Every structure is written in structure tokens, then in C-alpha cells.
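In what follows, a structure is listed as C-alpha cells, so that the remarks can point back to it.
Everything numeric here is computed off the predicted structure, so don't read it as measured data. Residue numbers count from 1 along this sequence.
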Amino acid sequence: MLEEFRKHIESTFENLQNQAFLLACSGGLDSVVMAHLCVACKLDFSIAHCNFQLRGEDSIKDELFVRDLAKQLYKTIYVTHFDTKSYVEEYKTSVQIAARDLRYSWFSEIVTKHNLGAIVTAHHSDDNLETFLINLSRGTGIDGLVGIPEKTKTLARPLLKFSRKEILAYAKSHKLAWREDGSNADTKYLRNKIRHEIVPLLKELHPSFSDNFQHTQSYLKETAILNKVHLKAIKEMLFKEEENYIKIEIAALEKLQPQKPYLYGLFKDYGFTELGNVVSLLTAITGKEVLSRTHRLVKHREHILLQKIEEETSEVFYIEKKEVSINEPIILNIQEVSEIQETSKEILYVDKKTLKYPLEVRKWRKGDYFYPMGVNGKKTISKFFKDEKLDLISKEKQWVLCSDTAIVWVIGKRVDDRFKITKKTENILKFTLTK
């Protein structure tokens, strides 16, 4: 197994040869074998052990065992203690999820602090099979069937191609010691039930089941890659980058068949996994929106707008009389000029005498109105937006420049007639918006 592991590292995990990494070690069979294999391959690593304080005296013995292992292997060790039960109560989650969240968060802190290259865990092919069956039993798409990834940007799992049987044989042949976790035998946990009852039955029915599974999963991974490449090409065609959002033509989405798999593939990475909500948005009225934890989808006429959710501000930013620029919430340059020169929507010329300081830059509010240049009388900002056919996201992003209570400029859109340059103007101020 050692030679096969060495070749696997050389061909697939070159980064583990070039930079020190963090090896997660519980003291169990898998992580102990992983540590010895890495030492045999002369890899540079440190050991991390989490004491979740869930098994009383056994948790203490696990920690002492791993500390002793690190000493034997001449490796730096990092140990932490978690109040896992309190975390479960506070966040209303399961022990398994709590332990996962706690350990990976801590691992990341160590990697960052000590400039380590990756977090290495000892997942093996049997873990992969169990994950496959768990996801299959709960209902999943192809992403749930491809199993545990062998490596990500921060994680590496070099043992994933090896079975528990191979790992156990290596440990026995090298007379390695390890700790047994009694909870692994408790079939009240779904994974343990699958491990001890379902997988042995499948292997009994089909002696080559493990090999067949690995072949099948390999095909699924290849299919998933093809799927990813195809969806990337579709996104490049349909997802049009605007200043604050992505714009997608509804007619183009409706042409994609079968529709639901396409919509799931296009929007799942933004947190939209409830397809019914996305499908219904295609025929909804303008302004209808669907939210995920991180993004929003907004229907606007013939398009869907995709935007990352950001915390909106109600803050007011002030411009004093002597200031020549501001850098937040937008970039405005201010200068006194002798005459009107170039013009655009990003440039405002006003009669300096009409302004009352400090000026304000803020988001527009419901009920705001102004006197648009070129229009007789006043108009509410909301009516102006409607006439301009602005979408919901653009409305929410809109800033206004105010003098006292009056709106001077719907920034980047329209100036108020009350502040325009006239024959009587003595001093001209020029405001330039920089995007």
C-alpha cells in the first residue's frame, strides 16, 4: 500500500510534496495510518487533534494517544477542546454537524496562522460509499452522487482511493496502534447503520460491489464534469454582467429543455435550490423577487436580475463647503469652473449661490420629489423611475444629492431645475461622478 500511496501523492497531490500541511488526527485507525504513510513518504506536516469532550474519559485518552503519536513521529501538534454540547444547543444543530463546523473552522485558523498549504483528512473509499448511500436515501442530484471530493482548494484526501480493508491490513502488518471510538458501532446513527448493516449485505449479494461502485462513481464524476462545462458555456451566453447585477433574458431561459435541470444547474451556486420558486418567477409580474441566503432574483419586464445581497445603508454622507471631493458612498469630484464645458449624465453643473451647506448624499426615500430639468412642475422620484423604466435593483442603488431638504441631483440621472445655470449665475460648481 505504501508504494501505491507514494505514487498517488506524486501524481495527484503534488502540493503536499511542496508545502507543509496540517493532518487531522482523531487517533482512530484511518488517521493514524495516514500519519505513518506521510512520514514514510517524507512529507512535511503538523498534526491537529480536536477534543470534543463528548466521551468522557475516552476523549481524554484519545487526546493523550495523539499527543504521544506526534511525539513518536517528531511532529508539531495542535490540540483544542470544544464545548460541543453547548454549540449544539446554541445553534440547534446535530452533534455531527457541530463537530464538523467546529473542527474545520479551527483547522482553517491554524493553516492561516502558520502558513500551511492544506488540511489533510483520512477519508477513504468506504466513507465515500456511505456518503453516496446516505445522499441516495435522502434524494439528490448528480452532485450528491459523485461523493466526497478528493481535493478542493483547502482540503486533500489522499486515502480516498483506498478501502478500510486495505488500511486495516497496513496497520496490522506494521503493528500500528490506534484508538477505537465506541460510538462508531452505535447503529442509531444513519452512517453507522449503513456501515454495519447495509454495506455488508450489498457486498454479500455482489462480491465485486466495491469495485463496481468505484467504477460507477468514476463515470458519474466524468458526467458531472461534462455537465459543469456545458452549464458554464450556457452561463457565458445568457448571464450578462451589469454594474450591480447579472441580467438574464427570460425567453432564453424558457428555451432550455428540460427546464428544471437547467434552472437548478444555473442557479444552485447562488443558493436557489427550490426550483418551484425560480420557475414561477419566469411568469411573475415585474418586481417579484425570490431570495436565497446570499442572493436575490428579481423579475424585471423581460429579464431576471441576479444580485448578491448586501446590507443596505440608510446613512447620510455630508459635503462641506470647502471639500473638493468625496470617496464614499460614491466618488464625486467638485470644482469651481468659469463655464460649462463637456456634458454627460455623470457631470452636474449648478449655480453655487443656490446651494445650502452642508450638502447631503443619501439614498432616495419614498415621497421624495424634485423638479426635473426639462419638465414642467415637480415629479416624485418613484414616478421618475417608472418613466425611466428603471428596474428594482437600480432603484435601490440610487443616490441623490441634496441641498437642505431639496434634491439637487438624482445622481447620474437628472438635475433639478431649481439649481440650473442661468444668465444671472456668477459662480458655477461642477460635480463629476466617477464610477
Side-chain angles (χ1 to χ4, degrees), residues 16 19-39 43-124 126-127 130-131 134 148 152-160 164 167 171 176-192 195:
L16 300 185
Q19 188 174 6
F21 57 87
L22 186 70
L23 191 151
C25 185
S26 66
L29 169 68
D30 312 327
S31 56
V32 168
V33 168
M34 170 73 86
H36 281 276
L37 286 169
C38 289
V39 168
L43 301 179
D44 186 7
F45 66 95
S46 300
I47 289 174
H49 176 76
C50 303
N51 186 335
F52 295 103
Q53 303 187 92
L54 293 171
R55 299 167 49 242
E57 189 69 22
D58 283 337
S59 291
I60 297 173
K61 289 179 179 178
D62 289 347
E63 178 184 328
L64 293 174
F65 175 86
V66 177
R67 286 184 182 276
D68 188 54
L69 175 67
K71 188 176 180 180
Q72 292 174 28
L73 299 179
Y74 300 98
K75 295 297 176 184
T76 299
I77 184 170
Y78 305 99
V79 176
T80 192
H81 299 79
F82 291 121
D83 187 352
T84 313
K85 290 181 179 178
S86 295
Y87 186 94
V88 168
E89 292 174 5
E90 181 178 354
Y91 293 96
K92 311 300 180 188
T93 188
S94 68
V95 170
Q96 290 81 6
I97 292 175
R100 182 193 66 196
D101 292 347
L102 288 167
R103 67 175 175 266
Y104 280 113
S105 176
W106 180 61
F107 292 160
S108 297
E109 289 176 11
I110 297 173
V111 166
T112 301
K113 183 176 180 180
H114 298 281
N115 194 31
L116 301 176
I119 301 164
V120 173
T121 66
H123 291 90
H124 50 71
D126 291 58
D127 293 322
E130 292 158 15
T131 299
I134 288 170
I148 304 169
T152 67
K153 289 181 179 179
T154 57
L155 287 169
R157 301 181 175 98
L159 280 187
L160 207 56
R164 189 178 192 280
I167 295 168
L176 302 182
W178 66 88
R179 293 280 298 166
E180 290 285 359
D181 185 345
S183 65
N184 287 337
D186 191 344
T187 55
K188 74 178 181 180
Y189 299 114
L190 176 59
R191 183 175 290 275
N192 290 347
R195 176 181 302 164

Separation between NZ of K75 and SG of C25, rounded to the nearest 0.5 Å: 13.0 Å

What are the two closest non-hydrogen atoms of L159 and I167, and how far apart are they? CD1-CD1, 4.0 Å

Side-chain heavy-atom pair S108, T154 within 4.5 angstrom cut-off: no

Salt bridge check, R164 against D127: does any charged N sit closer than 4.0 Å to a carboxylate O? no

Nearest heavy-atom neighbours spanning T121 and A24: CG2-CB, 4.4 Å

So which atom in Y87 and which in A98 form the shortest heavy-atom distance, rounded to 0.1 Å? CD2-CB, 3.4 Å

Apply salt bridge (Lys or Arg N to Asp or Glu O under 4.0 Å) to E63 and R67, showing your working. CA-CA 6 Å; E63 178 184 328; R67 286 184 182 276; 3.0 Å; yes

Taking atom types as modelled and ignoring hydrogens, do the side chains of R191 and T131 form a donor-acceptor contact shorter than 3.5 angstrom? yes

Among D44, N115, L43, which one satisfies side chain to side chain contact (heavy atoms under 4.5 Å, CB included) with Q19? N115

Might you point out which heavy atoms bring A177 and V32 nearest each other, and give the distance in Å? O-CG1, 3.5 Å

For this output row, return yes or no: ring centroids of Y78 and H114 closer than 6.0 angstrom. yes

Just wondering, do S59 and F52 contact through their side chains at under 4.5 Å, heavy atoms? no

Should the ring pair Y104 and F107 be called parallel, tilted or perpendicular, given that the plane angle runs from 0 to 90° and is split at 30 and 60? perpendicular

Indicate yes or no: does D58 engage R179 in a salt bridge with an N to O separation below 4.0 Å. yes

Report yes if some heavy atom in the side chain of W178 is under 4.5 Å from a heavy atom in the side chain of V33; otherwise report no. no

Side chains of L54 and F82 in contact at under 4.5 Å (non-hydrogen atoms): no

State, to 0.1 Å, how close A118 and V111 come at their nearest heavy-atom pair, and which atoms those are. O-CG2, 4.1 Å

A side-chain contact here means heavy atoms from C-beta on lying under 4.5 Å apart; do T84 and Q53 qualify? no

Do you know which two heavy atoms are closest between M34 and V120, and how far apart they sit? CE-CG1, 3.8 Å

